[in-house]
*Asks:* 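I have a structure here, written as structure tokens, and I will follow up with some questions on it.
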Amino acid sequence: MSNAQNQTNRIVAPTAPHESDAPLITSRRGNLWIPGEIVETPNGTVQRAPLFAEWEAPETIRFPYPVVLVHGGGGQGTDWRTTPDGRPGWASRLVESGYVVYVVDRPGHGRSPYHPDVVGEMGGPFPYEAANGLFFPDEMKDQQNQWTFSRTVGSPEVDQLVAAMGPLPDNLAESQRMDADRLARLLVQIGPAVLFTDSGGGPAGWLTADARPELVKGIIAIEPIGPAFGGFPGIGRLDWGLTAAPIGYATNFASPEDAENADPAQLVIPALENIPVSLVTGGASAFASFAEQVVQFLNTAGADATWLHLPDHGIDGNGHGLIFEANSDEILDVIKQELYQRVIHAES
């Protein structure tokens, strides 16, 4: 066979379905590390729980601020790259739309290395049963219609979903403190940005805004954990309101219990003042049941928070996995409109 024939065979070779669905775009890309603390161990001097960030910038930038995508509890940055059924995820869609995007792996997750000698003990592995209860619980099966695949253990798509999930550090407060420390230092390097947080990554957004409010232009909180002062069996508790780690209340509370028992009017967090927050929930998600309370808590704290409940925008049938479900592109279109109205239009 001639070289020309070989070349032709290579050109017409079929691509995998998820590859053929992804548009070709021109972009610049790279990655960086936000180092962890330097600590001494019996094996030498090491770094403790750095944060990994990859970035991608389109040829034509249409949004003035980068978007930083913060994954959920036991997930990792790849959650934003591709859906379990192989479609382009929100990171790719945002770049296509002209946004500069940073995708992070929180300390101890994904590409951010973890070792128990320096980070501390980790919680248990993420089981399929937890995925079922979180993303497609049996009691919501009839209401959730945006999963296009079999939601059973061993189905290829559920395997893809669970493969990315790992344990959380056993000390939830310390995990969140590390998240916010590294994210705040990332913003110092890249400048003002909008944070997208998902589920258990929500506290990282509140804490980062508390640390560097001048660098947080807005927060899109996708199904954030709550309610305030809520507990999560096997994971931990939001001792300080919407965070397990201490946050900067105007009142100097001596303990988490003092904060929880205080008059709600005292739960002011000065750093959150006027920061636009949009809390996004699905119509068939248990997280919608406490979303109004979370929004009220944030507004009392001083933020400019609104509840973006998808059924109010004509989008029905979604559970907790908004970034994964079949209509994820449609949801992102609503969020991009929200970004324009609450960040760009508000500044003009």
Side-chain angles (χ1 to χ4, degrees), residues 32-37 50-57 61-71 94 98-104 106-107 173 175-198 201-222 224 228 240-253 259 266-280 294-295 297-306 308 335-336 338-348:
L32 71 155
W33 291 93
I34 304 300
E37 298 86 4
L51 177 143
F52 176 83
E54 61 174 347
W55 61 266
E56 187 170 5
I61 298 172
R62 298 186 176 90
F63 190 75
Y65 303 110
V67 171
V68 179
L69 303 179
V70 183
H71 62 81
L94 285 165
Y99 293 75
V100 177
V101 172
Y102 285 77
V103 178
V104 305
R106 292 173 18 236
S175 175
Q176 292 178 4
R177 185 205 67 79
M178 292 189 296
D179 293 344
D181 171 78
R182 281 57 160 167
L183 283 167
R185 287 192 281 128
L186 174 66
L187 297 189
V188 169
Q189 290 197 33
I190 70 175
V194 173
L195 304 180
F196 278 41
T197 64
D198 184 40
W206 319 135
L207 290 163
T208 302
D210 183 45
R212 298 307 299 248
E214 76 282 7
L215 297 178
V216 177
K217 304 303 292 186
I219 299 174
I220 302 293
I222 310 299
W240 287 94
L242 293 179
T243 64
I247 196 166
Y249 288 111
T251 300
N252 186 22
F253 295 113
Q266 290 185 277
L267 301 180
V268 174
I269 304 171
L272 299 188
E273 184 177 5
N274 295 327
I275 291 180
V277 176
S278 296
L279 192 153
V280 187
V294 173
V295 169
F297 184 94
L298 289 167
N299 283 327
T300 298
D304 179 13
T306 62
L308 197 164
I335 290 172
K336 287 187 292 187
E338 183 86 350
L339 271 181
Y340 176 80
Q341 291 294 328
R342 307 216 56 216
V343 177
I344 303 305
H345 182 71
E347 291 185 347
S348 62

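Just so it is clear, the values below take in all heavy atoms, side chains as well, and ignore hydrogens, waters and symmetry mates. Position 1 is the first residue of the sequence, and the numbers go up from there.
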*Asks:* What distance separates Thr197 OG1 from Ile222 CD1, expressed to the nearest 0.5 Å?
*Replies:*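 Answer for the OG1-CD1 pair, Thr197 versus Ile222, is 7.0 Å.
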*Asks:* Under a 4.5 Å cut-off applied to non-hydrogen side-chain atoms, are Phe52 and Arg106 in contact?
*Replies:*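 Sidechains of Arg106 and Phe52: no contact.
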*Asks:* Nearest heavy-atom pair of Gly248 and Pro270: which atoms, and what distance?
*Replies:*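 That closest heavy-atom pairing would be O-CD, 3.3 Å.
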*Asks:* Is any side-chain heavy atom of Leu267 less than 4.5 Å from a side-chain heavy atom of Phe253?
*Replies:*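 With C-beta onward as the side chain, the pair touches.
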*Asks:* Any side-chain heavy atom of Phe196 sitting closer than 4.5 Å to one from Val68?
*Replies:*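 No. Closest side-chain heavy atoms not under 4.5 Å.
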*Asks:* Could you check if a side-chain atom of Leu242 sits within less than 4.5 angstrom of a side-chain atom of Phe297, using non-hydrogen atoms only?
*Replies:*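 Counting from C-beta outward, Leu242 and Phe297 do come under 4.5 Å.
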*Asks:* Any side-chain heavy atom of Glu56 sitting closer than 4.5 Å to one from Val100?
*Replies:*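 No, every pair of side-chain atoms sits at 4.5 Å or beyond.
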*Asks:* If we only count heavy atoms from C-beta on, is the Phe63 to Tyr340 side-chain gap below 4.5 Å?
*Replies:*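 A side-chain contact is absent here, since even the closest heavy-atom pair is not under 4.5 Å.
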*Asks:* By side-chain hydrogen bond (donor to acceptor under 3.5 Å, both in side chains), which residues pair with Arg212, not counting sequence neighbours?
*Replies:*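 side-chain hydrogen bond (donor to acceptor under 3.5 Å, both in side chains) check on Arg212 returns Glu214.
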*Asks:* Kindly give the heavy-atom pair with the smallest separation between Leu207 and Ala245, and that separation in Å.
*Replies:*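 So the minimum-distance heavy-atom pair works out to CD1-CB, 3.9 Å.
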*Asks:* Just say parallel, tilted or perpendicular for the rings of Tyr102 and Trp55, cut-offs at 30° and 60°.
*Replies:*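 Tilted, since the angle between the ring planes falls between 30° and 60°.
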*Asks:* Only counting residues at least two apart or in another chain, list the ones meeting side-chain contact (heavy atoms from CB on, under 4.5 Å) with Ala209.
*Replies:*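 Applying side-chain contact (heavy atoms from CB on, under 4.5 Å) to Ala209 gives Val216, Ile219, Leu272, Ile275.
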*Asks:* Please walk me through it: do Gln176 and Thr243 pass side-chain hydrogen bond (donor to acceptor under 3.5 Å, both in side chains)?
*Replies:* CA-CA 8 Å; Gln176 292 178 4; Thr243 64; 4.8 Å; no
*Asks:* Are the charged groups of Glu347 and Arg342 less than 4.0 angstrom apart, N to O?
*Replies:*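 No, Glu347 and Arg342 are not salt-bridged.
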*Asks:* Side chain to side chain contact (heavy atoms under 4.5 Å, CB included) for His71 and Asp198? Distances and angles first, verdict last.
*Replies:* CA-CA 5 Å; His71 62 81; Asp198 184 40; 5.8 Å; no
*Asks:* Can you tell me how far the OG1 atom of Thr306 sits from the CD atom of Glu338, to the nearest 0.5 Å?
*Replies:*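 The CD atom of Glu338 is 4.5 Å from OG1 of Thr306, to the nearest 0.5 Å.
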*Asks:* Considering only distance and modelled atom types, tabulate donor-acceptor pairs under 3.5 Å from the side chains of residues 185-193, sequence neighbours left out.
*Replies:*
from   : atom 1 : to     : atom 2 : distance (Å)
Arg185 : NE     : Asp181 : OD2    : 3.3
Arg185 : NH1    : Pro35  : O      : 3.1
Arg185 : NH2    : Pro35  : O      : 2.6
Arg185 : NH2    : Asp181 : OD2    : 2.9

*Asks:* How long is the straight-line distance from CD1 of Ile344 back to NZ of Lys217, given to the nearest 0.5 Å?
*Replies:*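 Going from NZ on Lys217 over to CD1 on Ile344, the span is 9.0 Å.
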*Asks:* For Pro50, what residues pass the side-chain contact (heavy atoms from CB on, under 4.5 Å) criterion, not counting sequence neighbours?
*Replies:*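 Only Trp33, Gln47, Pro113 meet the side-chain contact (heavy atoms from CB on, under 4.5 Å) criterion with Pro50.
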*Asks:* Check whether Tyr65 reaches the backbone of Gly218 with its side chain - one donor and one acceptor, N or O, closer than 3.5 Å.
*Replies:*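 No: the side chain of Tyr65 does not pair with the backbone of Gly218.
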*Asks:* Can you sort out the partners of Pro224 under side-chain contact (heavy atoms from CB on, under 4.5 Å), two or more places apart, ordered by chain and number?
*Replies:*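 Partners of Pro224 by the side-chain contact (heavy atoms from CB on, under 4.5 Å) criterion, ordered by chain and then number, come out as Trp206, Ala221, Leu279.
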*Asks:* Under the side chain to side chain contact (heavy atoms under 4.5 Å, CB included) test against Val104, which residue among Asp179, Leu183, Ile34 passes?
*Replies:*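 When Asp179, Leu183, Ile34 are each tested with Val104, the side chain to side chain contact (heavy atoms under 4.5 Å, CB included) holds only for Leu183.
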*Asks:* If every non-hydrogen atom of Val295 is compared with every non-hydrogen atom of Ala305, which pair is closest and at what distance?
*Replies:*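 For Val295 versus Ala305, the nearest heavy atoms are CG1-O, 3.7 Å.
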*Asks:* With side chain to side chain contact (heavy atoms under 4.5 Å, CB included) as the test, would you mind laying out the steps for Ile220 and Val280 before giving the verdict?
*Replies:* CA-CA 7 Å; Ile220 302 293; Val280 187; 4.1 Å; yes
*Asks:* Are there over 12 heavy-atom neighbours, none belonging to Gln341, within less than 6.0 Å of that residue's CD?
*Replies:*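 Buried by this count: over 12 neighbours within 6.0 Å.
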*Asks:* For Asp210, what residues pass the side-chain contact (heavy atoms from CB on, under 4.5 Å) criterion, not counting sequence neighbours?
*Replies:*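 If we apply the side-chain contact (heavy atoms from CB on, under 4.5 Å) test to Asp210, skipping adjacent residues, the hits are Ile247, Ile269, Ala271.
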